[in-house]
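Single-structure report; data block below.
Just so you know, these numbers use all the heavy atoms, side chains as well, and skip hydrogens, waters and symmetry mates. Proteins get letters first, then strands, A, B, ... in listed order; numbering begins at 1 in each.
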Amino acid sequence: MSSTFFVLQNIPTLHLTMTHISEQELLRRKKKEDLEALGINPYPPELFTSTTNTHLILQDYPNSPEAFQNVKLAGRIMSRRIMGAASFVELQDAKGKIQLYFHRDTLCKGEDKTLYNTVFKKLLDIGDLIGIAGYVFTTNVGEITIHVKALTLLAKSLHPLPIVKEDENQVYDAFTDLEQRYRQRYVDLLITPATRKIFHQRTQMIQVMRNYLNGHGYEEVETPILQPLYGGASARPFTTHHNTLDMKLYLRIAPELYLKRLIVGGYEGVYEIAKDFRNEGMSRFHNPEFTMLELYVAYKDYLWMMDFTEALIEHIALQLHGTTQVTVDEQCIDFKRPWKRFTMYEAIAHYTGIDISQMGEAELRATAKQLAIDIEPSAGVGKIIDEIFGAKCEPHLIQPTFITDYPVEMSPLAKKHRNDSRLVERFEAICNGKEICNAFSELNDPLEQRKRFEEQLALGKRGDTEAMVLDEDFLRALSYGMPPTAGVGIGIDRLAMIMTNAASIQEVILFPQMRAV
RNA sequence: GAUUCCGUAGCUCAGCUGGUAGAGCAUCUCCCUUUUAAGGAGAGGGUCCUAGGUUCGAACCCUAGCGGAAUCACCA
């Protein structure tokens, strides 16, 4: 006994405890047994083939009723109204809901009314999955309904489902507890149409993106998530361990360095829709794992990439919404090209009235103080400029705007600006006050890259936990020669938030990270 | 990590100044042949997040913890 406990304690489980079983659950278990006693398998193995779906019926029945005289459909019971020998049920499938009409003598042709009186009325519940066959008609009050002639139980539900009701104007008893919605997303998806819509739109957004990139001849690849060295971003990684190799591994923080290796290897356009992992704070804009599109195109520069990104995102908005205008937090955001473009210096001058372009570190520090921005003593020129921008400019940038030409210290993987060696050829797109993408003319000088890595190592030695590490193999790849290349990273979750008007990143991630309970 | 707010039935929520735990929907029973968020009538259902404390008495006040949300910090 005690050894059993010992073993169990070492197995990570979300719920080891035998949770309290409610009266309603006990009743459903009893109903399941009663069904079995009647010879009905509550979890039958056979397939069930539908001939149509709820959406097609509602859409096409009015024009061609003859096509719907013999339909088969599977779905979940979402509500029941039983009135003696006649009953109405709402059936939900992946495409929507439709009303079913059951009548005792239609369902049970002979003398034996067990299927209706016992199975349907007593032993089925809201939440059960059923298959039906019947014909479509319109009720006296004008609702398109299926008159059910045959009924099969496909799976018994043992846990009561929250009941959400709605009319044209209102939703009643909506399932609103955010914790429950995220932890039990399966319930949320079943009963909250807005949730289904968000995730369908997210899927659609990624499909549109992929089609657009494929249409340009760019190739989708997969690069390692488990990496012996992490790189491509400034962030703290997750670590793990491989038993056979007895080796420390990192979960990637970005696919960047591997995708550039592929450019060296001869790919001229390559992208990955990558899950990245960063061991940092969580908030309504940050989940520990998130999705990033990274795209690299050979023989291009950041100015070309700006045009491409603008066109891609405009295209996404058009495909999702039929217009370039998207409503976010009551505001209308218009992705129609061309977007505004500011250099970082111009943006700061515009929003603070101060021209910092010629300032040295001491003067920048004084300016930050004057603007009431806290700057850490360890911060260098680049960091101070970034802080000023973040505090004074970013929140004002609601309409999509490109910010270009960042300080070199902030961008160890970007090529120096063709006209100003203090800057790099980099842009970010800011939308609704948040960064949605980040792009450079990629640094392809292997010796310069080594120097930048060494500067990062020095930062790391000084205690910067997000400083990059030196990747010798990446430098070796660069030294074979990488064509001039433009690269961009687009935060898929952030973009999905904007495209679906979601208030938090948790709303656009099916299973956001939560604390263990 | 800091601050503020929240945690009551399957779901949505009331619960006043500390005095027997409440409603609607869902569930159950009975009635009922086309209903429209909910057909009618009746009934059952609670670890008031957890553990302490104060008090004659705690869902309510205090302390600690757990979980969540918002704002801030870090970051994308």
Can you check whether any acceptor in the base of B:U33 is under 3.5 Å from a donor in the side chain of A:Ser87, or vice versa? no
Would you call A:Asp105 and A:Lys113 a salt bridge, taking side-chain N to carboxylate O under 4.0 Å as the test? yes
NA contact type, A:Glu143, heavy-atom cut-off 4.0 Å: base, sugar-phosphate, or nothing? base
Stacked cation flag A:Lys434 on A:Phe285, 6.0 angstrom / 45 deg: yes
Pairwise P distance, B:C5 and B:G39 [rounded to whole Å]: 42 Å
Does the separation of the ring centres of A:Phe308 and A:Tyr212 fall below 6.0 angstrom? yes
May I ask you to decide whether A:Arg252 forms a salt bridge with A:Asp276, counting only side-chain N to carboxylate O separations under 4.0 Å? yes
Taking only the side-chain nitrogens and oxygens of A:Thr145, find out if one of them lies under 4.0 Å from OP1 or OP2 of B:U36. no
By the 4.0 Å heavy-atom rule, please label A:Thr176 as base, sugar-phosphate, or nothing. sugar-phosphate
Applying a 4.0 Å non-hydrogen cut-off, can you work out what A:Asn287 is touching in the nucleic acid: base, sugar-phosphate, or nothing? base
Base, sugar-phosphate alone, or nothing: which one does A:Lys275 contact when heavy atoms must sit under 4.0 Å apart? nothing
Sugar-phosphate, base or nothing in reach of A:Ala174, heavy atoms under 4.0 Å: sugar-phosphate
Nucleotide-resolved protein contact map, nucleotides 64-69 of chain B, B/S/- at heavy-atom distance under 4.0 Å: ---SSS
When you look at CD of A:Glu222, are more than 12 heavy atoms from neighbouring residues, nucleotides or ligands closer to it than 6.0 Å? no
Check every strand shown and say whether A:Tyr101 touches a base, only sugar-phosphate, or nothing at a heavy-atom separation below 4.0 Å. base
Between the protein and nucleotides 26-29 of chain B, are there any N/O to N/O pairs under 3.5 Å, and if so, what are the atom names and distances?
{"residue": "B:A26", "atom": "OP1", "partner": "A:Lys165", "partner atom": "NZ", "Å": "3.3"}
{"residue": "B:A26", "atom": "N3", "partner": "A:Gln24", "partner atom": "NE2", "Å": "3.3"}
{"residue": "B:C28", "atom": "OP1", "partner": "A:Lys31", "partner atom": "NZ", "Å": "2.4"}

Write down the distance separating the C1' atoms in B:G57 and B:A70, rounded off to the nearest Å. 36 Å
